[in-house]
Enquirer: 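Below you will find the structure I want to go over with you.
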Number of protein chains: 6
Amino acid sequence: MNGDACKDLKLVEANDFFFTGLHLAGNTSNPLGSKVTPVFVDQLPGLNTLGISVARLDYAPRGLNPPHTHPRASEIFTVIEGTFYVGFVTSNPENRLVSKMLYKGDVFVFPQGLIHFEYNMGPYNAIAMAALSSENPGVIVMASALFGSKPPISGDVLAKAFQVDNKVVQGLQYKFY
Amino acid sequence: MNGDACKDLKLVEANDFFFTGLHLAGNTSNPLGSKVTPVFVDQLPGLNTLGISVARLDYAPRGLNPPHTHPRASEIFTVIEGTFYVGFVTSNPENRLVSKMLYKGDVFVFPQGLIHFEYNMGPYNAIAMAALSSENPGVIVMASALFGSKPPISGDVLAKAFQVDNKVVQGLQYKFY
Amino acid sequence: MNGDACKDLKLVEANDFFFTGLHLAGNTSNPLGSKVTPVFVDQLPGLNTLGISVARLDYAPRGLNPPHTHPRASEIFTVIEGTFYVGFVTSNPENRLVSKMLYKGDVFVFPQGLIHFEYNMGPYNAIAMAALSSENPGVIVMASALFGSKPPISGDVLAKAFQVDNKVVQGLQYKFY
Amino acid sequence: MNGDACKDLKLVEANDFFFTGLHLAGNTSNPLGSKVTPVFVDQLPGLNTLGISVARLDYAPRGLNPPHTHPRASEIFTVIEGTFYVGFVTSNPENRLVSKMLYKGDVFVFPQGLIHFEYNMGPYNAIAMAALSSENPGVIVMASALFGSKPPISGDVLAKAFQVDNKVVQGLQYKFY
Amino acid sequence: MNGDACKDLKLVEANDFFFTGLHLAGNTSNPLGSKVTPVFVDQLPGLNTLGISVARLDYAPRGLNPPHTHPRASEIFTVIEGTFYVGFVTSNPENRLVSKMLYKGDVFVFPQGLIHFEYNMGPYNAIAMAALSSENPGVIVMASALFGSKPPISGDVLAKAFQVDNKVVQGLQYKFY
Amino acid sequence: MNGDACKDLKLVEANDFFFTGLHLAGNTSNPLGSKVTPVFVDQLPGLNTLGISVARLDYAPRGLNPPHTHPRASEIFTVIEGTFYVGFVTSNPENRLVSKMLYKGDVFVFPQGLIHFEYNMGPYNAIAMAALSSENPGVIVMASALFGSKPPISGDVLAKAFQVDNKVVQGLQYKFY
């Protein structure tokens, strides 16, 4: 995994550069109604050092890929099937929401490290493909990282950050832990 | 700002590499009780292309620099005065909280793009210095980006993402907008 | 186009990050029976500095995306529909062909700068998606660059390089010029 | 080979940064009449991580360094002795040939990943020095990669790519295999 | 130390990202009257791959951090206490000195690889913080590298370089060896 | 000069990638007895963004390329004619001199940012070629930067740094200013 790609090429075989199964729909039977099938370096070792990865995204009707960031990658999002409301938020202090309705064949860009989301607005299952500018982009889901970390972030911190009382924080932590 | 640092060196003067005022405490009279004084490329043009910046951080008692990320930088946090509870959360699906109590002279690292926070646990004003691995690191404050974006993110998206009802979302948006 | 992505974010609008039309099949009525629809920085300005791009690839039956390289990018190739014979050749002196039959949902990697090709082995039109690790990957089609350059490469050079006589070179140049 | 250059400096000796023999002419008794003597990281371990390498190039009269690319490096070509016809071809769809006659003391640049060649036009042996922007630039010789790969690329692919019949392809494969 | 930062995050603990003791003054009882306390990757392993480090700098009255370079980093220098005369020299052939008097709270930038120095002009101990754009910036102290190397650089070389006679060189070598 | 190399390729001509005159000996009639003829981006605009450059080095008998650094490049040094004593010094605190005698055809590496020198030990003019890992490597000549900067570095700083009295410093400044 830390080798020199070029040296590797003398020894590797085609299967090191191969992954199968991206035609299979992910299971969206979960509270968010969405499922990511990543093809990152952990799934496809031949990506090591190449600075790129992809993922398949499935959405039930009203399924949501909730606000998240990729700490080490920008993303190109391509709609295969469905109608999406997507957006990203720019940095502080502007916090500008750049959003758009997307339809089949539309392409949208989420710049590195910015919070973004995609929401299936249509009545049917929807599918998208993501291309990411790192073989190991990382995913930080806002709700899970903030309220579902192990161990949990101190309730005082979260209550102050979101300007709610500790009870609301505990309710959120209960859901995501 | 987009020039070649070396060429610039023939024309620039000392003031292009200079910033003053970092000994002055920031005004922490705000709901979070903290204030960041950045010395990024916007404040110090000579940083352009150099891949580094700094900031002064001031905290009232129980002041919080709330959960945030830097989309383009890692950070080294150094305690000048005070007692801090700090932490960062690793990527999905682990969402591991790596936290520690810090005292005067302690140094802690927040890797690029990860959610982190610092909370002044002591009864006095506290001060820290941050060093960041980009001249333009960006700051994404979770609460502001999620609930205070302009225009706001659709309530349906936030309600689903945080698994709360729309009323809770509206309350949060009311606070941060 | 040469600006700082972050600065841009204060001024840009959603359309700067948007491209439409990737659901439309490219016209494969040409001798190779294939068509590339690129979404590079020239088509989608918001990709500037982000280090990523995508393309749609259409193939008639027995359609070929002929041996080519991307001088500044690695590629992930994902089969949407069809059956492909794909491969890349490693560097001198090994010149090892790493090839594989690919089916719907299969993913394959072409490392940066290596000669690769994809050939639709099936009786139907085929579709693939490419993700590339540069917003401006470049495409060098071997046959066109070698025998169709403007002006042409000297016949002596090509005859010696391919160890054929000048007449064969002229025949090839006639086809690709 | 994957170590930290700085750490290495505590242990290494002068010989790790040393290579000898670049004054010796390479043997050009081969069909192309040229020979490359590389000083890459495989020959000079001290180059690791430094992003640079060199090579000596020898040419018999009418000797050719045939069309090739370096997948990970740009090249500066300096004429030590002789008269050369050199060129590179830009990316698709322009496929513009940028060529020039070079004489003793002339310098020419081949940008990263582009097909280029050098041909000794003079009646004497010729010598050049190449500097490359990677310690492991790689070399892809067009004729060998296309027609001499192991195993060979399918004749159907090559016939279609070069728009010749299979017999011509087989003839070329016979020569380069 | 050569691992993938992201993988590490699954195993590491808070102490891997932690260093203590930067509130302690360095011992400046030496001929230069200054002391650097580095927090580089050797002292704080969690910095690996993150491209940043810091250091504490202590100066006795008239203490000097003598002319030096960081071969792999730019530096931001922040005055915590004291009055400094600082400067850097641009590249050949300009050799322009860019210097300034700095006071508490002032910030100055030393671009990568340029010779720079800081001199405590005040009557008291002085303190500064440095932020550097590499986890392993390196330090080359001019006087020590030139006249104190082990083994010494040939006296002929140094005498010619500084246009002094060999006796002067021997005197300097005697002091720094 | 700040454009996108690929875009440029549509407009540029061969002369943008061309430099002539490297067969001409530099004039070594100067106190050091050496002369550098650079082919950097200022001399050869086509090098822009390519990360490489070269230079010709001429030395009179006992000619010296005095201790210097390249702040943004590593260097490969190749002996064309002559006998050299060369070396570089590693970082503080080791300050290890890594040196070697070099003869015709020998190659030596100077890692980025380290002080190095080359001294013609032979009775004849000597010639070398340098390859550098940046199109704009920069050159910092120790003696000139330290004692010949404009304006001069304060004598107190230099006297303390080199542990000599101010008179010695003034003598050196007189020579290099």
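Atom set for the values below is all heavy atoms of this structure, side chains included, hydrogens, waters and symmetry mates excluded. Residue numbering restarts at 1 for every chain, and letters A, B, ... go by the order of the sequence lines.
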Enquirer: What I want to find out is whether D:K150 reaches C:E94 closely enough, with some N-O distance under 4.0 Å, to be called a salt bridge.
Expert: no
Enquirer: Tell me, for D:S99 versus chain C, whether the close heavy atoms (under 4.5 Å) come from the side chain, the backbone, both or neither.
Expert: neither
Enquirer: Do any N or O atoms from the side chain of D:R72 and from the backbone of D:N136 form a donor-acceptor pair under 3.5 angstrom?
Expert: yes
Enquirer: Against chain C, label D:F162 side chain, backbone, both or neither, depending on which of its atoms sit under 4.5 Å from a heavy atom there.
Expert: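 Its backbone and side chain both get close to chain C.
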Enquirer: Which residue out of C:V89, C:L172, C:V157, C:I115 racks up the most heavy-atom pairs below 4.5 Å with chain D?
Expert: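 Highest number of heavy-atom pairs under 4.5 Å: C:V157.
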Enquirer: Only pairs of heavy atoms separated by less than 4.5 Å count here; which of D:S154, D:G171, D:P66 has the most with chain C?
Expert: D:S154
Enquirer: Of the backbone (N, CA, C, O) and the side chain (C-beta and beyond), which part of C:F117 lies under 4.5 Å from a heavy atom of chain D, both, or neither?
Expert: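 Looking at C:F117, just its side chain touches chain D.
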Enquirer: Using non-hydrogen atoms only, which part of D:P152 is less than 4.5 Å away from chain C: side chain, backbone, both, or neither?
Expert: backbone
Enquirer: Indicate, with yes or no, if the rings of C:H116 and C:F110 have centres closer together than 6.0 Å.
Expert: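 Aromatic pair counts; centres sit under 6.0 Å.
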Enquirer: Is the centre of the C:Y59 ring less than 6.0 Å from the centre of the C:Y119 ring?
Expert: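 For C:Y59 and C:Y119, the ring centres are not under 6.0 Å apart.
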Enquirer: Grab the two heavy atoms, one from C:N120 and one from C:G122, that are nearest each other, plus how far apart they are.
Expert: OD1-N, 2.9 Å
Enquirer: Any idea which of D:V164, D:I153, D:T69, D:V141 has the most non-hydrogen atom pairs under 4.5 angstrom with chain C?
Expert: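 Heavy-atom pair counts peak at D:I153.
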Enquirer: Do the charged groups of C:R56 and C:D58 touch, with an N to O distance under 4.0 Å?
Expert: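 Yes.
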Enquirer: What residues of residues 19-35 of chain C sit under 4.5 Å from chain D when you count only heavy atoms?
Expert: C:P31, C:L32
Enquirer: Is it possible for you to check whether C:K100 lies under 6.0 Å from the centre of the six-membered ring of C:Y85, through NZ or CZ, and within 45° of that ring's axis?
Expert: no
Enquirer: Are C:F147 and C:Y174 close enough that their ring centers fall under 6.0 Å?
Expert: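 No.
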Enquirer: How many angstroms lie between atom CG of D:N92 and atom OG of C:S144, to the nearest 0.5 angstrom?
Expert: 5.5 Å
